[in-house]
Amino acid sequence: MNEDALDMMRKSSTPCPDWVRHAEAIDGLERMEARFQGNAYCLHRHDTYAIGCTLAGVQRFHYRRGQRDSLPGNTMVLHPDESHDGQAGGDDGFHYRMIYVQPSLFQDVLCGQALPFIDGGVSSDPRLAAATALLLQPLNCALEPLEQSDGIAELAHALAAVAGMPGRRPKGDFLAARRTRDYLHANFVQVVTLDQLEKAAGRDRWSLSHDFRTFYGTSPYRYLTMRRLDAVRRMLLAGISLVHASAAAGFADQSHMTRHFSKTFGLTPGRWLRMVKGDGQR
């Protein structure tokens, strides 16, 4: 075997570095694209819908007590607050796009219906593939505000249709849950008490907690923590240190923030930042 052939074999056997790219998050929607070899994310959960498509390879993850494999042509729909991980299902790795949608955007469309739930985490339903096509475009395709709004509305209706949701509304006070969300959004860097939430929502704490989970898919505290983590990610990308970002976002200290970051995104803050900035080495 000549030297050129050996060189080509060495290059082909060298794994491609992992990488993650993000488009600028706009109005509760985050778009990302990534490629991984081997293990990508450890078990984690977040308070958004994670909806995506596999572009190449086998995308394997554990979700709701089972192993799922997503292939090109499938649509992944992971519900808020459901634990999942991520790894390659083959030696060639996997490449995918994903959108993270705050449940409040779907509630703006569904107006108080229960959040749609797609069983299994992976779907081949053509209605979902069609409804996600706009929002899962390449990241260099910028979305106009009205275009994004139309895409969210189409996706919300498709999710409801595929989930077979009934037309009747669930029991609960949607307006109280929305007032709670608004209060948390405005005060996430502060220590928020249940007394404050009761006063802001006009509803007792136990009913309020149930309502919030029904309409937004997570607990009030998880929602508060996610807003803090969103702020941390913005500050890290702007060059602010972990210590200062943790304090400015309302966490007790850096270790407190790191624990929540890893449980939410499946990556440490340092590894996430290296990958986003283009250094995918582990």
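Scope of the values below: all heavy atoms of this structure, side chains included, with no hydrogens, waters or symmetry mates.
One finds the CZ atom of Arg60 at 8.0 Å from the NE2 atom of His62 (value rounded to the nearest 0.5 Å). Summarising the geometry, atom CE belonging to Met98 is positioned 8.5 Å from atom SG belonging to Cys53; distances are rounded to the nearest 0.5 Å.
Classification of the His44-His46 ring pair by plane angle, with boundaries at 30° and 60°, yields tilted. Using cut-offs of 30° and 60° for the angle between ring planes, the Tyr223 and Tyr216 rings count as tilted. Ring-plane geometry between Phe117 and His79 is classed as tilted, the angle between the planes lying from 30 to 60 degrees on a 0 to 90 degree scale.
With ring centers used as reference points, His84 lies 6.0 Å or more from Phe61. In this structure, the ring of Tyr100 has its center no less than 6.0 angstrom from the ring center of Tyr49.
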Please assess Arg227 against Gln102 for the test side chain to side chain contact (heavy atoms under 4.5 Å, CB included), listing each intermediate value before the final yes or no. CA-CA 11 Å; Arg227 303 293 72 74; Gln102 291 185 12; 3.7 Å; yes
Ile99 and Leu155: CA distance, side-chain angles, deciding distance, side chain to side chain contact (heavy atoms under 4.5 Å, CB included) verdict: CA-CA 11 Å; Ile99 54 173; Leu155 180 53; 3.9 Å; yes
Go through the steps for Arg234 and Glu24 under the test salt bridge (Lys or Arg N to Asp or Glu O under 4.0 Å), then give the verdict. CA-CA 10 Å; Arg234 290 193 296 270; Glu24 181 181 359; over 6 Å; no
Between Gln59 and Ser70, does a side-chain hydrogen bond (donor to acceptor under 3.5 Å, both in side chains) hold up when you go through it step by step? CA-CA 5 Å; Gln59 186 167 356; Ser70 176; 4.8 Å; no
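In this structure, Arg179 contributes its side chain and Ala201 its backbone to a donor-acceptor pair below 3.5 Å.
Residues Asp173 and Arg178 are not paired through a salt bridge, judged by the lack of any N-O separation under 4.0 Å between the basic side chain and the carboxylate. Salt-bridge check for Asp195 with Arg205: passed, with a basic side-chain N closer than 4.0 Å to an acidic carboxylate O.
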